Structures are given as structure tokens and as C-alpha cells.
Q: 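One structure, as C-alpha cells, below. Some questions next.
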Amino acid sequence: MTESEYKELAEILFEGEDLKTPEEYEEMYPYRKLGKKAEVTRLAPSPTGFIHLGNLYSALADERAAHAHDGSFFLRIEDTDAKRKVDGALELIIESLGYFGISFDEGAHLPDTDSVNVYAPYTQSERRGIYHTFAKKLVEEGRAYPCFCTEEELEAVRNKQEAAKVLTGYYGEFAVWRDKGLDEIKAKLAAGEPYVLRLRSEGDPEKEFIFKDEIKGEVKLPENITDIVILKKDGIPTYHFAHAVDDHLMRTTLVIRGGEWLASVPVHMELFESLGFKPPKYAHTAHLMKIDPETGGKRKLSKRSDPEMSLSFYKEEGYHPHCIKVYLMTLLNSDFEEWHRNNPDSDLNDFPFSVKKMNNSGALFDMDKLENICKNELSLLDENVIADFLKAWALEYGTDAQKAYFADEEKMLAALRLYMGVGQKRRRKDLVNARQALELMSYLFEDAAAQESDPFRVDEELRKAILQDYLDTFSYTDDNGEWFEKLKEIAERQGFATDRKLYKENPEKFKGETSDVAEVVRVAVTGRANTPDLWGIIHVMGEEKMRDRIAAAM
RNA sequence: GGCCUGUUGGUCAAGUGGUUAAGACGCCGCCCUCUCACGGCGGAAACAGGGGUUCGACUCCCCUACAGGCUACCA
């Protein structure tokens with residue numbers, strides 16, 4: 001085809017569409033005025049109605065990369081695949097990420113008319129005209145052409161290629177519509193046959209190029225040679241084409257995306273080149289992995305079988321979003337942990353985040369580590385912050401007893417102080433999440449009967465004797481020291497050693513030591529062998545409840 | 001099958017030709033101690049395997065194994 005024929009074809013293909021010119025769009029969407037180190041990043045999810053930990057991980061990387069140097073972070077909805085679209089997905093994305101403190105500077109969460117949304121629209125299905133403008137340009141320049149192959153025909157070619165053990169795809173001699181004449185195309189068009197628009201690749205199968213990934217470093221890749229589809233038969237762009245057009249026009253500087261896209265970098269490079277765009281920097285991240293409990297192997301975290309993959313899991317279990325963020329940051333940049341330890345009072349966002357420091361192989365999601373982080377972070381948070389958090393959780397997800405108890409601010413704070421060790425030299429680190437925290441304290445608001453009890457390690461007779469002695473001598477007004485002295489007296493009366501060294505020297509002379517007596521009382525009062533300071537617990541639950549529970553244990 | 005990517009203790013990970021191969025979680029032991037938690041001290045535990053290159057390889061090259069990805073008119 002000649003140059004004028006390309007132009008004619010472009011006119012026919014996009015006849016009747018009121019399209020702007022590429023230049024007009026370039027003018028409409030000027031570059032942001034940003035500092036030298038500032039990056040523009042984006043989160044570009046498909047509205048599938050499901051958002052998971054991997055999305056959060058990725059979103060946090062994007063958000064940090066943008067805000068580390070006053071860049072911009074926007075939300076674009078990639079809804080070019082109608083089959084995946086689910087109602088309410090956008091709201092879910094915004095709400096879920098918002099819960100973890102991720103918010104966008106621009107994007108699909110705001111109306112197009114909002115003054116910050118200068119690159120609107122941010123939803124791909126509303127950008128059809130833009131894609132067509134640039135597709136038309138490619139046709140005019142001979143860099144794109146219509147292909148009338150049916151899916152069956154393509155399937156047959158693929159089978160043939162597989163049988164012949166050659167590279168599959170629409171390229172070279174297999175690209176049958178690549179060099180058809182204008183007349184033949186016109187005939188098909190006149191017959192109303194559906195077609196896709198394909199890129200006319202100029203790649204050389206022999207050539208490789210060095211691509212510099214921000215995370216992986218230099219990667220050697222072959223040039224793209226396949227005539228990929230850029231516009232599907234319904235006129236909607238494929239991911240590849242939309243990516244090139246959108247990230248250029250939205251002036252994205254850094255594309256952070258999953259490693260599964262690395263293999264399509266050659267396609268993207270050719271697309272940017274053919275459109276005359278400067279490609280953005282790319283950072284391909286590894287996926288979050290987990291140990292498969294069945295095989296023991298490392299595998300990708302899957303939304304189907306791993307509840308901890310779902311963001312709602314963390315909300316329902318009552319993990320504080322701050323803890324999740326700290327954990328994700330330690331996965332993102334391994335020196336974050338040390339920084340955080342050395343700068344406990346600094347805002348998390350002051351950490352010098354960099355995509356270059358991201359790990360290039362898949363991190364294993366480690367529940368143990370997460371829990372450890374939760375315990376540490378919660379021990380650092382202000383008690384009122386935690387109290388508000390626990391209360392909100394209890395009121396939404398708690399049992400009736402929990403709701404009733406935590407509705408009382410005084411009681412809740414008292415319980416919390418106990419478990420956090422507020423006011424002591426060091427804070428305790430018992431609390432992991434709200435569900436576990438309330439379970440830990442359950443004896444404060446449940447009846448003895450409603451709770452499973454740890455076993456007593458002394459026989460029934462001795463147990464009753466100890467508890468009776470305890471009840472007889474107990475005085476609510478005793479302070480912690482007096483209370484413990486009485487416990488030692490009971491120990492002595494009941495044949496226990498009150499001196500640990502003495503006991504260790506002659507264990508056979510005693511029934512045990514003071515701690516064993518304390519354990520009997522502890523299990524009777526709380527149902528647990530391990531709790532924080534018993535005296536403190538008694539003074540939170542009150543004498544009446546204490547006596548009730550002991551009576552139940554006798 | 002082809003093409004990419006990755007592989008340091010159980011886990012997360014520093015490390016970029018010369019290190020006693022950090023640190024964190026977990027685990028074990030001891031101390032503290034009314035139990036637990038906290039805290040302190042100590043311990044076991046690693047460069048996937050094989051060839052090169054080099055005076056010298058965890059670091060560079062090749063092969064193998066394993067894991068993951070891509071190979072759609074899905075993203």
C-alpha cells in the first residue's frame with residue numbers, strides 16, 4: 001500500500017467518528033510541574049470486585065514511590081474486559097485501600113470535573129475516542145492494519161505452529177492480513193465482516209535489546225515480532241495499547257506492576273516507539289507467596305484458598321491497619337525494619353522508600369512475623385487509639401458479651417491497661433488483633449461456664465483447700481504487696497515452699513512453691529494458667545465476679 | 001515445547017571478587033519472675049548442585065535441578 005492508501009484506509013476505518021488529533025490530546029494533557037526526583041505512579045486495577053493483599057502491597061509501593069518526593073499517585077480503572085466487570089468494584093477498591101490509609105491524589109474515585117483530575121477520564125471504557133485517535137494515527141502511518149481472521153482460523157494456525165514446533169503467534173508469514181491490498185480490505189469491510197486492528201511489527205527476530213528494570217536491573221529481551229492486537233473487534237483497546245496511550249497521556253513516569261508483565265515489555269517498547277512516545281520507567285515486582293500447607297512448597301498466594309489473602313480478613317479479625325502497613329513496608333524495603341526501630345517516633349511516611357530496594361524474588365507471607373509486628377506496634381500505640389479501635393471492632397464483630405462490656409469506656413480502658421501494661425516500666429506485648437485481644441480478656445465479661453478452662457494441676461481436695469483458704473483471707477482493699485503476702489501464707493499453710501531456692505534444693509519436702517498456689521487461684525479466677533498480674537485482674541473484674549468464678553471452680 | 005525471571009539458615013533478608021557470611025521472626029537453653037508477657041544473656045541453623053574464569057568466588061560465565069511467569073480479540 002502507498003502512503004495515500006494508508007490515509008484512505010484510516011479514513012474508512014474511523015469514518016463517522018468525531019476524533020480529536022493526537023496533537024490536541026498532547027496539549028490537553030500537559031506534563032505535571034514536579035520536582036526532579038518526583039515520580040508519577042498509578043494503581044490500575046480491573047474492577048473484578050475482589051481486592052487482595054497483593055493489591056495492597058502493590059498499591060503501597062506505588063503510593064510510597066510517588067509520595068517519597070512529592071510526586072502524584074492516581075487511580076485508573078482498567079475495565080476493557082467487560083466479562084470481568086462487577087458492580088460496586090470501584091467503591092470496594094477505594095474503601096478497602098482507604099482502610100489501610102492509601103489514598104489517591106487524582107483518579108477514578110473523583111468526578112472528572114474535579115479540579116485535580118486534569119487527565120480525566122480515568123476509566124478506560126470512557127476513553128474510547130482517545131484510543132481511536134492514536135489507532136487512526138498508526139493506520140495512517142502504516143503501522144497498524146485491520147485483520148479479518150476469525151478465531152477459528154487463528155486457532156488452526158496456532159495448532160499448525162505447535163505441531164511444527166515453531167513460535168506461535170501472528171507474525172511473519174502467518175500474518176496473513178499484513179500485506180493485503182486496499183481493495184481486498186475494502187471488500188471485506190463492505191461485506192461488514194468484523195476485524196481487529198493489529199500493530200505492524202517492525203521487530204527483528206534476531207535482535208535483542210537490553211531493558212533496564214528498576215528492580216531487576218538489566219534484562220536481555222528479544223524484540224517483539226508479533227503483530228499484536230491493539231483494538232479488539234468491538235473497538236476496545238487491549239491492555240497493551242491502552243497502557244501505552246494512557247500512561248503516556250497521563251504522564252506516568254514510573255510503572256510498578258507484577259512480574260507477569262515483564263515478558264510483554266518488548267511489545268510495550270515497540271508500541272511506545274511506534275506511537276512516538278517516550279516509555280516510562282518500569283519496576284516489575286515479585287508476587288507475594290506462601291507456604292502451601294499441603295505440599296510444603298512455595299506458591300503464589302491465591303485468593304481462592306487463602307483467607308489471609310483477602311483484605312476483609314484483616315478487618316474482620318481486627319488487625320490494626322497500622323500494623324499491616326508496617327509489615328508490608330518491611331516486605332517492600334528490607335531496611336525499613338531497622339529504620340523503624342531507630343526512629344520509633346517518626347511517621348512511617350518519612351522512611352526513604354525506594355523501588356530500587358525492593359526485592360526481586362517473591363516474598364513469603366509470614367503470619368508469625370506479622371503477629372510479632374502487631375504485638376510490637378500495638379505496644380507502641382497510644383492506649384486511647386487502641387481502645388477506640390477495639391471498641392469499634394467489638395461493636396461490629398463482637399459477641400453480645402463483648403459488645404456489652406466494651407460499650408463501657410471505663411471497663412474497657414481498665415482491661416486494656418492490664419493487657420498492655422500501661423503505666424508499667426515496659427508495655428506488655430500480648431495483643432495481636434482485636435479478635436485475639438478480646439478472647440484473651442474473655443473471663444472479664446464471660447461467665448465461668450461460658451468459657452473453657454485450663455486444667456488444674458493439683459488434686460481436687462488440695463484445690464478446694466487452697467481456694468477456701470484464699471476466700472477466707474481475701475480482702476479487696478489489700479494492695480498488691482499485701483495480697484501476695486497472703487498468698488505466701490496460704491502456701492505455707494498448705495505445705496508449699498515460699499522460697500524458691502529452698503524448694504529447688506529439696507523439692508520432695510514440699511507440694512510445690514508459691515507459684516503453684518498462685519496458679520490454682522489464677523485458673524479458678526480466669527480459667528487460664530497464664531495471665532497478666534492476677535491482683536490487677538481481680539481489681540478490674542471486681543470482688544463479686546471473682547468470688548463467683550472461684551465458687552464455680554470448687 | 002520456546003522465551004524470560006528467580007534460588008543465602010525453617011521464614012524475611014544484608015551482602016555485589018578477599019567478611020569470623022549482618023540483622024529480624026521462629027526455635028532451644030539460662031537469668032529475671034506469683035504464671036504469662038516484657039527484658040537480658042547464650043545456642044543450633046544458610047550461600048540449590050556441578051563445571052569453569054581468577055592468586056582468590058555467595059558475588060562473574062556455562063550447564064543441571066527446582067520454583068515462578070509469559071507464550072489470548074484477559075488483564
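Predicted model only: the values in this text are computed from it and were never measured. Chain naming here is simple, since letters A, B, ... match the order of the sequence lines and numbering starts at 1 in each. Computed from heavy atoms alone, side chains included, the values below leave out hydrogens, waters and symmetry copies.
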Q: Nearest whole Å is fine: how far is B/rA75 P from A/I77 CD1?
A: 14 Å

Q: Under a 3.5 Å cut-off for both contacts, is B/rU16 paired Watson-Crick or G-U wobble with anything, and if yes, with which nucleotide?
A: none

Q: With C1' as the reference atom in both, quote the distance from B/rA67 to B/rC31 in angstrom, rounded to an integer.
A: 44 Å

Q: Please measure how far the P atom in B/rA21 lies from the corresponding atom in B/rG9, and state the result in whole Å.
A: 15 Å

Q: Quickly work out the A/M358 CE to B/rC12 P distance and round it to whole Å.
A: 15 Å

Q: Could you state the atom-to-atom distance from CZ of A/R257 to P of B/rU5 in whole Å?
A: 16 Å

Q: With no hydrogens and no angle check, just 3.5 Å: does a side-chain donor-acceptor pair link A/Q451 and A/E446?
A: no

Q: Contact class for A/V219 vs. all strands (heavy atom < 4.0 Å): base, sugar-phosphate, or nothing?
A: sugar-phosphate

Q: Rounded to the Å, how far apart are A/N333 CG and B/rC12 P?
A: 17 Å

Q: Determine the interatomic distance between C1' on B/rC61 and the same-named atom on B/rG68; round to the nearest Å.
A: 24 Å

Q: With respect to the phosphate group of B/rA24, does any side-chain polar atom (N or O) of A/N372 fall under 4.0 Å of OP1 or OP2?
A: no

Q: Which base, if any, makes a Watson-Crick or G-U wobble pair with B/rC41, both distances under 3.5 Å?
A: B/rG29

Q: For A/L97 versus A/A59, what's the shortest heavy-atom pair and its separation?
A: CD2-CB, 4.2 Å

Q: Using atom C1' of each nucleotide, how far apart are B/rC12 and B/rG1 to the nearest Å?
A: 36 Å

Q: I'd like the C1' distance from B/rC47 over to B/rG6, given in whole Å.
A: 15 Å

Q: Reading nucleotides 33-41 of chain B 5' to 3', which nucleotides get B (base under 4.0 Å from a protein heavy atom), which S (sugar-phosphate only), which -?
A: BBBBBBS--

Q: Using the C1' atom on both, measure B/rA46 against B/rG10 and round to a whole Å.
A: 11 Å

Q: Give me the distances for all protein-to-nucleotides 71-74 of chain B N/O pairs that come in under 3.5 Å?
A:
{"unit_1": "B/rU71", "atom_1": "O2'", "unit_2": "A/T168", "atom_2": "OG1", "d": "3.1"}
{"unit_1": "B/rC73", "atom_1": "O2", "unit_2": "A/K233", "atom_2": "N", "d": "3.1"}
{"unit_1": "B/rC73", "atom_1": "N4", "unit_2": "A/C149", "atom_2": "O", "d": "3.2"}
{"unit_1": "B/rC74", "atom_1": "OP2", "unit_2": "A/K232", "atom_2": "NZ", "d": "2.9"}
{"unit_1": "B/rC74", "atom_1": "O2'", "unit_2": "A/D81", "atom_2": "OD2", "d": "2.7"}
{"unit_1": "B/rC74", "atom_1": "O2", "unit_2": "A/R84", "atom_2": "NH2", "d": "2.7"}

Q: So does A/D335 pair up with A/K357, basic N to acidic O under 4.0 Å?
A: yes

Q: Could you tell me how far B/rA45 sits from B/rU53 if I compare only their C1' atoms? Round to whole Å.
A: 32 Å

Q: Check the pair A/H248, A/F134 against ring-ring contact (aromatic ring centres under 6.0 Å, His included), reporting the backbone distance first and the verdict last.
A: CA-CA 12 Å; A/H248 174 253; A/F134 288 91; 7.1 Å; no

Q: In whole Å, what is the span from the NE2 atom of A/H340 to the C1' atom of B/rG23?
A: 16 Å

Q: Who does B/rU59 pair with, Watson-Crick or G-U, both distances under 3.5 Å?
A: none

Q: Going by atom types only, do A/D79 and A/S125 share a side-chain donor-acceptor pair under 3.5 Å?
A: yes

Q: Is the Lys NZ or Arg CZ of A/R42 less than 6.0 Å from the centre of A/F74's six-membered ring, within 45° of the axis?
A: no

Q: Please determine, for the side chain of A/D366, which listed nucleotide (B/rA14, B/rA75, B/rU11) has the closest atom?
A: B/rU11

Q: Let's test this: given Watson-Crick or G-U wobble pairing with both distances under 3.5 Å, identify the partner of B/rU7.
A: B/rA65

Q: Which pairs would a plain distance check flag for residues 437-444 of chain A, meaning a side-chain donor or acceptor within less than 3.5 Å of a matching protein atom at least two apart in sequence or in another chain?
A:
{"unit_1": "A/S442", "atom_1": "OG", "unit_2": "A/E439", "atom_2": "O", "d": "3.1"}
{"unit_1": "A/S442", "atom_1": "OG", "unit_2": "A/R528", "atom_2": "NH2", "d": "2.6"}
{"unit_1": "A/Y443", "atom_1": "OH", "unit_2": "A/Y419", "atom_2": "OH", "d": "2.8"}

Q: Say you pick atom P in B/rU64 and the same atom in B/rU54; how far apart are they, in whole Å?
A: 23 Å

Q: Can you tell me the pairing partner of B/rC70 across any strand shown, Watson-Crick or G-U wobble, with both distances under 3.5 angstrom?
A: B/rG2

Q: In whole Å, I'd like the distance from the CD1 atom of A/I228 to the P atom of B/rC70.
A: 16 Å

Q: Go through the steps for A/Y470 and A/F474 under the test ring-ring contact (aromatic ring centres under 6.0 Å, His included), then give the verdict.
A: CA-CA 6 Å; A/Y470 176 79; A/F474 179 82; 5.6 Å; yes

Q: Does A/S334 place a side-chain N or O at less than 4.0 Å from the phosphate oxygens OP1/OP2 of B/rA14?
A: yes

Q: For A/F272 and A/H243, what are the C-alpha separation, side-chain angles and deciding distance, and is it a ring-ring contact (aromatic ring centres under 6.0 Å, His included)?
A: CA-CA 10 Å; A/F272 275 89; A/H243 155 56; 5.5 Å; yes

Q: Provide, to the nearest angstrom, the distance between the CD atom belonging to A/E337 and the P atom belonging to B/rA22.
A: 17 Å

Q: If you draw the axis of the six-membered ring of A/W177, does the NZ or CZ of A/K180 fall within 45° of it and under 6.0 Å from the ring centre?
A: yes

Q: Whole angstroms only, please: what is the NZ-C1' distance between A/K220 and B/rC61?
A: 11 Å

Q: Which one is paired to B/rC47, where only Watson-Crick or G-U wobble pairs with both distances under 3.5 angstrom count?
A: none

Q: I'd like to know if A/D246 pairs up with A/R127 as an ion pair, taking the criterion as any Lys NZ or Arg NE/NH1/NH2 lying under 4.0 Å from an Asp or Glu carboxylate oxygen.
A: yes

Q: Which of the following nucleotides, B/rC70, B/rA75, B/rG26, is nearest to the side chain of A/A263?
A: B/rC70

